[in-house]
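A short worksheet on the structure shown next.
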Number of protein chains: 2
Amino acid sequence: MEPHEPDLAAVPVTSVLAALADDVRLQIVRALAEGGESACGSFDFGISKATRSHHLKVLREAGLTRTRAAGTSRLVRLRRDELNELYPGLLDAVLTQRPPA
Amino acid sequence: MEPHEPDLAAVPVTSVLAALADDVRLQIVRALAEGGESACGSFDFGISKATRSHHLKVLREAGLTRTRAAGTSRLVRLRRDELNELYPGLLDAVLTQRPPA
DNA sequence: ACCCTTGTTCGACAATAATCGAACAACGAC
DNA sequence: GTCGTTGTTCGATTATTGTCGAACAAGGGT
């Protein structure tokens with residue numbers, strides 16, 4: 001099975017941005033940025049596992065994450081370096097927590 | 001009539017990203033970045049004026065542009081400085097033209 | 001005044017995307 | 001092998017968003 005992890009340069013910018021333009025996925029990305037490689041199940045916001053799987057797929061296919069199998073789990077990690085090389089400032093801009101209004 | 005140009009800091013990050021995650025709007029933003037303040041009508045990609053007006057509204061309400069009346073036209077401009085202050089690197093990341101695949 | 005140009009708004013429709021439950025697959029443990 | 005855990009995939013539903021034509025509004029020119 002191909003894990004469908006595209007070359008980041010081959011992904012349209014709009015797809016990268018769209019992947020980040022969702023609250024749930026942004027929470028996932030932030031968790032990954034803080035906690036490093038994590039199992040899918042660790043992203044337990046108030047959503048079903050079907051929905052979680054969907055969001056992880058969107059992130060993966062947008063070139064933002066990589067996934068590898070580890071026993072019965074799957075470990076997900078941010079493609080930080082590639083992201084920073086191709087879109088310098090983008091991750092930081094998105095990850096920076098600003099004071100609540 | 002209120003032009004509905006919110007404080008950028010009050011706009012959720014996801015809304016800013018969503019505004020940029022569309023091909024038509026990205027073309028508009030690029031045109032604004034290159035050409036400076038422009039009339040709405042100058043963004044003549046293959047869309048109706050209703051659709052164009054809609055996209056400009058999305059950009060404006062996401063805090064990305066400002067609009068002012070000028071005779072029978074309306075001039076739109078990018079809120080570059082505010083954007084770069086609040087999301088350093090974001091505009092550059094999005095504007096940078098990478099070589100086509 | 002009248003018309004033309006420029007935009008916006010409305011209502012409808014089409015396309016896209018988020019969400020869920022249920023069924024399925026892979027693995028480890030026992 | 002069987003069972004429980006962890007994820008994925010399928011099908012359906014709902015919500016959101018892009019798109020358009022038509023109607024409307026505001027200005028400038030003649």
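Predicted model only: the values in this text are computed from it and were never measured. Every chain is numbered from 1 and lettered A, B, ... according to where its sequence line falls, protein lines coming before strand lines.
Applying the side chain to side chain donor-acceptor pair (under 3.5 Å) definition to pairs two or more places apart or across chains, those involving residues 12-26 of chain A are A/R25-A/H55.
Within a 6.0 Å radius of CD in B/E85, no more than 12 heavy atoms belonging to other residues, nucleotides or ligands are found.
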Write down the protein N/O and nucleotide N/O pairs, taken from nucleotides 16-20 of chain C, whose separation is under 3.5 Å; answer none if there are no such pairs.
{"unit_1": "C/dA18", "atom_1": "OP1", "unit_2": "A/R25", "atom_2": "NH1", "d": "3.1"}
{"unit_1": "C/dA18", "atom_1": "OP1", "unit_2": "A/R25", "atom_2": "NH2", "d": "2.8"}
{"unit_1": "C/dA18", "atom_1": "OP2", "unit_2": "A/H54", "atom_2": "NE2", "d": "3.1"}
{"unit_1": "C/dT19", "atom_1": "OP2", "unit_2": "A/H55", "atom_2": "NE2", "d": "2.3"}
{"unit_1": "C/dC20", "atom_1": "OP2", "unit_2": "A/S48", "atom_2": "N", "d": "2.9"}
{"unit_1": "C/dC20", "atom_1": "OP2", "unit_2": "A/S48", "atom_2": "OG", "d": "3.3"}
{"unit_1": "C/dC20", "atom_1": "OP2", "unit_2": "A/T51", "atom_2": "OG1", "d": "2.8"}

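For B/S73 against C/dT6, no side-chain N or O and base N or O form a donor-acceptor pair under 3.5 Å.
If you take CG on A/L91 and CG on A/D81, they are separated by 10.0 Å, rounding to the nearest 0.5 Å. Within the model, atoms OG1 of A/T65 and CG of A/L75 stand 12.0 Å from one another, a figure rounded to the nearest 0.5 Å. Between the CZ atom in B/F43 and the CG atom in B/L32 there is a gap of 4.0 Å [rounded to 0.5 Å].
Using modelled atom types, no side-chain atom of B/R52 and backbone atom of B/I47 make a donor-acceptor pair closer than 3.5 Å. The backbone N or O of B/V94 lies less than 3.5 Å from a partner atom in the side chain of B/R30, making a donor-acceptor pair. In terms of modelled atom types and a separation under 3.5 Å, the side chain of A/S53 and the main chain of A/K49 share no donor-acceptor contact. Of the possible polar contacts, one joining the A/S38 side chain to the A/G36 backbone as a donor-acceptor pair under 3.5 Å is found.
Axis angle between the ends of the helix from C/dA1-D/dT30 to C/dC30-D/dG1, five pairs each and rounded to 10 degrees, works out to 20°.
Here D/dT6 presents its P atom at 15 Å from CG of A/L56, a figure rounded to the nearest Å. Rounded to a whole Å, the CD atom of B/E61 is 14 Å from the C1' atom of D/dT17. A/I28 has its CD1 atom 12 Å from the P atom of D/dG7, to the nearest Å. Computed from coordinates, the A/R74 CZ to C/dA25 P distance equals 14 Å when rounded to whole Å. Atom pair A/L75:CG and D/dT6:P shows a separation of 13 Å (rounding to whole Å applied). Rounding to whole angstrom units, CZ of residue B/R60 and C1' of C/dG7 are separated by 10 Å. In this structure, CG of B/L59 is placed 15 Å from P of C/dG7, rounded to the nearest angstrom.
Comparing A/K57 and A/T72 by the nucleotide of DNA chain D that holds the closest heavy atom to each, the one mapping nearer the 5' end is A/T72. Residue A/S42 is the one, among B/G71 and A/S42, whose nearest nucleotide of DNA chain D lies closer to the 5' end (criterion: closest heavy atom).
Side-chain nitrogen and oxygen atoms of A/S53 include none within less than 4.0 Å of the OP1 or OP2 phosphate oxygen of D/dT9.
Contacts of B/A69 with the nucleic acid, taken as non-hydrogen atoms under 4.0 Å apart, are absent.
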